[in-house]
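Here the structure is laid out as structure tokens; the discussion comes afterwards.
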Amino acid sequence: MRVLGTAGHVDHGKSTLVRALTGIDPDRLREEQERQMTIDLGFAWMTLPGGEEVGIVDVPGHRDFIENMLAGVTGIDAALLVVAADEGVMPQTREHLAILDLLEVPRGVVCLTKIDLVDDPSWLALVSDEVRELLAPTRLASAPLIPVSAVRGDGLDDLRAALAGALKEAPLRADLGKPRLPIDRAFTIAGFGTVVTGTLSDGSLAAGQEVTILPDAHRARIRSLQTHKARVERAVPGSRTAANLVGVEVRDLERGDVLTLPETYPSTRVLDVRFRLLPEPSAPLRHNQEVKLFLASAQRLARVRVLGMDEVPPGAEAWLQLVIDRPIVAARDDRFILRRPSPGATLGGGRVVDASPARLHRRMNRAALEALSRRAQGSPGEILVQAIQALGPGPLRAAVERAGLGDEAAAEAIAELEGGGRLILLGQGGGEARADTIVVTREAWQDLTRRLRDVLGAYHAANPLRSGMPREELKSRLRMHPRAFAAAVETASREGLVFDRGARLALPEHQMLLSPAQNARVEALRSRFRASPSTPPSVKECLEEVGEEVWAHLVESGEFVLLTAEVVFERSEYEAMVGKIREALADGATITVAEVRDRFNTSRKFALALMEHLDATGVTVREGDFRKLGRAAPEGGGGA
Ligand code: GDP
């Protein structure tokens, strides 16, 4: 599941656009509707052309409410930057874009809206150029630019397609088994009690779970969960999630608190971070300067300790230690923004390198700085995991390349990950990882098998008479590379998670339900076998009687034993014959095909097929025209 976030100057048409795309009014506060201005975060959702549902966080564009905007944009998968065509780039267009870039939001779409207000095409071209120029030095440099009129509806389909295209490239959120929900709203619903909402990350939540809300460590239980106003038993990473809680009052909660499982995250008052000061604030960032810290939905006052230099010059990067007024929940690699408290201005941003440093570092200590720099890069294993997460299931070679690891570091990384069980090698039942081995992280594998089984389960529910889902259909539903898909199916089948029927795949627990008509035909077939057990109908006749799918099902169920492409016996008859042959061959006796034919009162064709089958399964051994008991000779027949 994914989330989009809007961005752009006040009155440029963000909320109107969200309404036009989703039919939902994101301005939910009465004051917002009266003033026709977004003050706080708004939420909506829609289904994109590919069928995927996405959440939308609509943020306020007015400079007075930029701090509310910050609570909404961390955790989004893609940005929808809105620029009014009649006005062009304005101050909060720039500020929002700078924030998206500092937060490293990797992709987005730019919407040039209100084109109905512009008659002059050269003006539109001018504004487009201005926007392109603004985007050029940012991560959104290659974002598509879509002209739209939200009131007339022009361009909305193009916009939806562009959003779907941008999100298609976004990797699915990893399930690290460590869910955290940074709370952006907490409220009461009469008769329900406390509800909190946020964008879930790093793990799933399930109804019934005991949770804790940090930093005050309030205990609660999840009574129910919703995503996009629909009840779900399980909320997955990357989804807009509302949790109805038992055992905690709204007055004890606030925006910025984090709902998580007990003993999963510590809260901290000190963070080690890598920080970039924007070039615009002409003043340097001083040691001990007071700043406002924005991380996920939280906002705190903090004091800056500048490490390794006296102060941070505009445009420069630096190591900082942030000493925060009140504990916060953070993890390595979390993005954050720092602002000057008053007059308010965005200073810069960066990422967390150590979420719970052991101590305050001495400011000019070289060893501490080197340790931070190593930590920022991560161990070879961590770097490789990040690369694999970003790429999804694929050949090891591609992940090593993306991670930029040399041979030695790559070997070290693989050993580290395999040892910890964090890396799954797909499509090979053991053995060394090779360059072309398809690899996934354990979390991604759990996620993938869950999706695989969900899709199969839905298929079985919709097609109870089918033995399974066509392999190709499943592959395209999962949108996987063919080799990665084949390897994943092989491993899932070995782990007993799916049943591989060749052209079709099924859940192992799937029981095919025959229709009354099919049942009648199966009964007719059974009586034909009973009528002449030792000269039964051919496979071709069986297929004509019951159809391919039911026939495959009957063979799989073991009711019929295929000896060759043409010859088949009912299992009980087959087993009786094998028993008799074994008896006849006791004490080193031999038998010929002609004798078998006569003994069972059948034809040479059936007798030959039976004996060749028994040779192949090791029940008998052929010596010229004779057969004797083979070494394998398992009890109860060789099976098919
Ligand atoms: P926001 O502050 O960015 O959320 O902007 P709003 O969505 O509240 O829109 C600001 C004003 O622009 C409202 O009066 C809208 O009716 C108007 N508006 C929004 N989109 C369009 C559009 O495509 N064409 C025209 N003519 N007006 C628009």
Side-chain angles (χ1 to χ4, degrees), residues 463-468 470-471 499-506 510-585 590-622 624-627 629-630 632-640:
N463 305 281
L465 300 179
R466 293 284 157 106
S467 64
R471 188 179 275 265
F499 187 38
D500 187 347
R501 297 181 192 270
R504 288 176 184 269
L505 296 162
H510 171 60
Q511 298 235 336
M512 193 170 151
L513 279 180
L514 297 187
S515 68
Q518 285 172 322
N519 260 325
R521 302 222 295 272
V522 171
E523 263 319 308
L525 183 67
R526 285 186 185 128
S527 23
R528 286 174 67 184
F529 271 84
R530 253 173 265 134
S532 55
S534 52
T535 51
S538 70
V539 171
K540 186 156 166 279
E541 288 170 297
C542 296
L543 283 168
E544 281 163 8
E545 182 79 60
V546 298
E548 199 170 322
E549 197 142 37
V550 174
W551 177 241
H553 166 67
L554 292 174
V555 173
E556 259 160 27
S557 73
E559 184 174 346
F560 295 91
V561 183
L562 274 180
L563 299 190
T564 67
E566 284 160 36
V567 178
V568 59
F569 282 104
E570 205 171 11
R571 170 157 306 267
S572 53
E573 179 64 17
Y574 166 81
E575 283 176 358
M577 290 189 299
V578 175
K580 282 184 190 150
I581 288 173
R582 198 183 272 118
E583 262 171 41
L585 295 182
T590 60
I591 199 167
T592 64
V593 169
E595 283 165 345
V596 171
R597 178 196 61 201
D598 297 343
R599 178 181 283 258
F600 297 118
N601 193 21
T602 179
S603 73
R604 181 175 161 77
K605 179 177 84 174
F606 290 104
L608 190 61
L610 178 62
M611 294 321 293
E612 284 180 349
H613 178 75
L614 294 185
D615 292 343
T617 51
V619 176
T620 53
V621 179
R622 180 176 168 191
D625 286 343
F626 298 96
R627 259 99 180 165
L629 214 50
E635 287 302 313

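Not measured: the values here are computed from a predicted model.
Atom-to-atom distance recorded for Leu608:CG and Arg597:CZ is 11.0 Å, nearest 0.5 angstrom. Here the CG-CD1 distance, from Asp625 to Ile591, works out to 13.0 Å after rounding to the nearest 0.5 Å. We find the CD-CG distance between Glu570 and Leu525 to be 8.5 Å, quoted to the nearest 0.5 Å. Between the CD atom in Glu548 and the SG atom in Cys542 there is a gap of 13.0 Å [rounded to 0.5 Å]. Here the straight-line distance linking atom CD of Glu612 with atom CZ of Arg622 works out to 7.0 Å at 0.5 Å rounding. With rounding to the nearest 0.5 angstrom, the NE2 atom of His510 is 8.5 Å from the CG atom of Asn463.
Across Leu629 and Arg582, no two heavy atoms sit closer than the pair CD1-CG, 3.8 Å. Nearest heavy-atom pair across Val550 and Val522 is CG1-CG2, 3.6 Å. Smallest separation of non-hydrogen atoms from Ser467 and Ala506: O-CB, 3.4 Å. Between Val539 and Leu562, the shortest heavy-atom distance links the atoms CG2-CD2, 3.5 Å. Smallest separation of non-hydrogen atoms from Arg504 and Pro470: NH1-CD, 3.5 Å.
Taking the six-membered ring for Trp and thresholds of 30 and 60 degrees, Phe560 and Trp551 have ring planes inclined between 30 and 60 degrees apart.
The side-chain hydrogen bond (donor to acceptor under 3.5 Å, both in side chains) with Glu545 is formed by just one residue from the set Lys540, Arg521, Arg528; it is Arg528. Remark: of the listed residues Leu585, Val578, Leu610, Leu585 is the sole one forming a side-chain contact (heavy atoms from CB on, under 4.5 Å) with Thr620.
In this structure, the side chain of Thr602 engages the main chain of Ser534 through a donor-acceptor pair within 3.5 Å. For the pair Arg571 (side chain) and Glu573 (backbone), a donor-acceptor distance under 3.5 Å is absent. Arg604 places no side-chain N or O within 3.5 Å of a backbone atom of Ala594 that could act as its donor or acceptor partner.
The aromatic ring centres of Phe606 and Phe600 sit 6.0 Å or more apart.
Using a 4.5 Å heavy-atom cutoff, the side chains of Val593 and Arg627 are in contact. Between Met611 and Val596 there is a side-chain heavy-atom pair separated by less than 4.5 Å.
Side-chain N/O atoms of Ser538 and Glu541 include a donor and acceptor closer than 3.5 Å.
Heavy-atom contacts from other residues, nucleotides or ligands closer than 6.0 Å to CD of Glu544 number more than 12.
A salt bridge links Arg526 with Glu523: the closest approach of a Lys/Arg side-chain nitrogen to an acidic carboxylate oxygen falls below 4.0 angstrom.
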